[in-house]
Amino acid sequence: MPLRLVFRNLTNHWVRTLLTIGSLTVAVFLLCFLRSVLISIDSAVVSSASNRLISQSAVSLFVTLPLSYQGKIDQVSGVAGTTKMNWFGGYYQTQENFFAQFAVDADRLLPNYPEIEIVEGSIEAFVQNRTACLIGTNLRDNYGWKVGDRVPIISALYPRMPEGAWEFDVAAVYHSNRDNIDNNTLFFDFDYLYEAIEADQADGPEGVGVLAVGLRDPGDAEKVSAAIDQLFENGPQRVQTTTEAEFQRQFVGMFGNVPLFLSALGMGVIFAIVLAVLNTMLMAARERVHSVGVMKALGFVDRKVAALLVLESLTICLIGTTVGILLAMLSEKGLRASPMGVFFPGYRISGGTVVLCLIGAVVVGLIAAAIPASQIQRLRPVDALRSEG
Amino acid sequence: MSEPMIQLSEVTKIYTRGSEKLVVLDRFSLEIEEGEFAALMGPSGSGKTTLLNLVGGLDAPEGGDVWVAGAHVSEMEGQELARWRADTIGFVFQGFNLLPVLSAFENVELPLMLTPLSRKKRREHAEYALELVGLKDRAKHRPRQLSGGQEQRVAIARALAMDPKVILADEPTGDLDRASADQVLDLLEKLNREHGKTIVIVTHDPSAASRAHKIIHMDKGKLGRIDVNPVAVAGS
C-alpha cells in the first residue's frame with residue numbers, strides 16, 4: 001500500500017511528475033556526458049606511455065621542426081627510436097567528416113607505438129606502398145572502408161594540386177588498446193607528403209610537427225628530454241621535450257581550463273536539479289496537507305507520513321536518473337562515431353559514473369524531500385484537517 | 001459501577017490568535033457511557049468540534065483531563081497517541097475526507113496498514129466493512145466516482161475497519177441530501193444498536209439528533225442541558 005500510495009500520488013499529477021522526471025533526465029544525461037568527457041580528457045593523459053617523449057618547437061605547437069632534427073635526436077643516449085607525427089588536418093568528402101590524420105614514418109610507427117595492433121591487412125603493405133594508409137577500426141565502421149579501398153582526403157593545411165584531394169590506399173586496419181591513441185585516426189607515410197611538397201604537387205609548411213621519441217628506459221625521461229633540448233639550444237629552432245602525458249595535458253590546456261569549466265557546469269546542473277525536485281516536492285506537500293491530516297487522524301505516525309513524501313522524491317529522482325543514464329549510454333556509440341569523437345577518444349559512461357549518478361539521485365532525493373517532509377511531520381492533525389481538502 | 005467510555009473533567013481549551021485569547025471550552029465536564037449514542041448540538045462556535053477533537057486525541061486541552069476507554073488521552077502524545085487513536089477511535093467527517101487517489105476499497109484498507117494483519121486478512125476486513133455499509137460493489141470506484149452519500153458510507157466503513165470502540169462523527173450528514181442523510185444515520189444507528197459502538201455525533205440537524213440516546217446542548221464552551229431521548233433509548 002505505501003508504494004501504491006506513492007505511485008498514485010505521482011500519477012495524480014502526471015504532467016508535473018513527467019516534467020520533473022524529464023528535467024532530471026536531461027540533467028543526468030548532461031552530468032554523465034560532462035563526467036565522461038572529463039574522464040576521457042584525463043584518460044588520454046593517464047594512459048600516455050611512460051617510455052615516450054614528445055619533442056616540439058619551443059615556440060608553439062604550430063611551428064614545425066626542421067627534418068634534420070630527427071637524425072640528431074636518434075643519436076641522443078637513451079633514445080630507442082623516433083617517429084614523425086605530423087598533423088594533416090584533412091577531411092573526407094565534406095568538412096563534417098572530420099577525423100585526425102597523421103603523416104608518420106611508416107616503418108617506425110609500430111615499434112614506437114606497440115599499443116597499435118593490426119587487425120586487418122598487413123603492416124608490410126603499409127610500409128612498402130607510398131600511398132598506403134593505416135586506419136582505425138572506427139573509421140572502417142563509420143565509412144565502410146576496407147583494405148584495398150582508395151580514400152580521397154582533402155587537406156586545407158596541405159592542399160594537393162591540381163586535383164585537390166590526396167589519394168590513400170587502405171593497407172591495414174588497426175585497433176589501439178590504450179586511450180592515448182584513438183581508433184578514429186588515419187596514419188600515412190610522411191614521405192608521401194614530403195615528396196609531393198618537394199615536387200610542387202602540394203603546398204604546406206615544411207618540416208615536421210612533432211617527433212615522438214621512444215626511450216630505452218622510462219626512468220631516463222628527465223635526463224633524455226634535457227639532453228634533447230640542450231642539443232638545439234642555439235637553434236635554428238629551439239625544442240621543448242616533454243613526456244607524452246605532459247604533452248597531452250598541455251594540449252588540453254590550450255583550450256583553457258576545461259576540467260574546471262566542466263566541473264563548474266556540472267555543479268550548476270546539480271544545483272538546478274535540487275531546486276527543480278525541491279519545488280515539486282514543496283508543491284506536493286502543500287497539496288497534500290489535508291490528506292496528511294486524514295492519515296494522522298487515522299493513526300499514522302508523523303514519521304511514516306513524512307516517509308511517504310521522501311519515498312516519492314526518491315522515486316522521481318531514481319526514475320529520472322536511470323533514464324538519463326540509459327540515454328547517456330545510448331549516446332556513447334554515436335558520440336564516438338561522430339566528428340566530436342576525435343576529441344574524446346576514451347569517451348565512455350563508466351561504471352563509476354553510473355554509481356555516482358545513482359548515489360547523487362538518492363542524495364538529491366533526500367535533500368529535496370527534507371524541507372517538505374519536515375513540514376509535514378510537524379503538522380498537527382487538527383490543523384491539517386482544517387486546510388482545504 | 002463501570003467507568004464511562006468517555007469522560008471529560010474540567011476541560012479548558014483556549015485558541016490564541018495574535019494577542020487575542022479565545023476560550024472555546026471552559027472547564028467543561030461530561031460523561032458518555034459505553035454503547036451510548038450521543039449528539040452534540042449548539043450554535044457555531046459553541047465548541048462542539050473542538051470537544052470531538054479532544055476526545056479523538058487530535059488536539060490537546062490547556063487544562064483538565066480527557067479519558068476515553070480507560071486511556072488518559074490528554075496525557076498522551078506522539079506515537080503513543082497515534083497508536084491509541086488507530087485502535088480506539090473511528091472518525092467520520094463532514095467532508096468525508098477520503099483520499100482521492102485511492103479507491104473505496106483502498107481507503108477502507110488504509111488504516112488496516114497499521115496492523116500486523118496479513119494482506120489476505122486486511123482484504124477480508126475491508127470487504128466486510130464495505131459490505132456492512134452496502135457498498136461492496138463500489139469497491140473499485142474512486143471517491144469522485146461516488147455520490148456524497150456513498151462517500152460518507154465509505155468513510156464509515158473506513159472508521160469501522162479497525163473495529164474501534166468509539167465512533168466520532170463531525171456533522172456526518174451536513175453535506176448530504178435528506179435521503180442520503182437518513183441512510184448514513186440508519187447506518188450509525190445500526191452500528192450502535194447491533195455492534196455496540198459508542199457514537200458521538202456533532203450536528204445541527206434535529207432529525208439527526210433525534211436518533212441519539214441523549215442530546216448534549218452546548219453554548220459558548222459550556223455545557224447547557226442534556227436531553228434524554230426515550231424513544232431512542234427504548235429502541236436500543
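None of these values were measured; they are calculated from a predicted model. FYI, side chains are in, hydrogens and waters are out, and symmetry mates aren't considered; it's all heavy atoms of this structure. Every chain is numbered from 1, with letters handed out A, B, ... down the list of sequences.
Rounding to the nearest 0.5 Å gives a distance of 12.5 Å between CG of Leu298(A) and CE of Met113(B).
Put simply, the side chain of Met295(A) reaches to within 4.5 Å of the side chain of Leu99(B), judged on heavy atoms. Taking 4.5 Å as the limit, every side-chain heavy atom of Phe91(B) sits out of range of all side-chain heavy atoms of Val294(A).
In the displayed structure, Leu366(A) atom CG is contacted under 6.0 Å by more than 12 heavy atoms of other residues, nucleotides or ligands. Dense packing is recorded around CD of Glu124(B), with more than 12 heavy atoms of other residues, nucleotides or ligands lying under 6.0 Å away. Crowding of Met283(A) atom CE: a count of heavy atoms from other residues, nucleotides or ligands under 6.0 Å exceeding 12. Enclosure of atom CZ in Phe261(A) is not indicated, since only 12 or fewer non-hydrogen atoms of other residues, nucleotides or ligands lie within 6.0 angstrom.
Between chain A and the options Asn53(B), Thr49(B), Leu58(B), Leu98(B), the largest number of non-hydrogen pairs under 4.5 Å is found for Leu58(B). Interface remark: of the candidates Ala297(A), Ser291(A), Gly293(A), Pro381(A), Ala297(A) forms the most heavy-atom pairs closer than 4.5 Å to chain B. When the candidates Ala82(B), Gly90(B), Gly78(B), Pro100(B) are compared by the number of heavy-atom contacts under 4.5 Å with chain A, Ala82(B) comes out ahead.
Of residues 145-174 of chain B, those residues with a non-hydrogen atom less than 4.5 Å from any non-hydrogen atom of chain A are, in numerical order, Arg158(B).
Only the backbone of Ser103(B) comes within contact range of chain A, judged by heavy atoms closer than 4.5 Å. Arg303(A) touches chain B through its side chain: at least one heavy atom from C-beta onward sits under 4.5 Å away, while N, CA, C and O do not.
Sorted by first then second residue, the side-chain hydrogen bond (donor to acceptor under 3.5 Å, both in side chains) pairs that include residues 23-35 of chain A, not counting sequence neighbours, are Arg35(A)-Thr353(A). Contacts classified as side-chain hydrogen bond (donor to acceptor under 3.5 Å, both in side chains) and involving residues 363-382 of chain A (residues at least two apart or in different chains) are given here: Ser374(A)-Arg378(A), Arg380(A)-Asp383(A), Arg380(A)-Asp59(B).
Using a distance-only test at 3.5 Å, with no hydrogens or angles considered, no donor-acceptor pair links the side chain of Arg83(B) to the main chain of Phe300(A). Looking at Arg8(A), its side chain does come within 3.5 Å of a backbone N or O of Val101(B) through a donor-acceptor pair.
Not counting sequence neighbours, Trp67(B) has no partner by the side-chain hydrogen bond (donor to acceptor under 3.5 Å, both in side chains) test.
For the pair Arg4(A) and Phe105(B), the cation-pi criterion (under 6.0 Å, within 45° of the ring axis) is not fulfilled.
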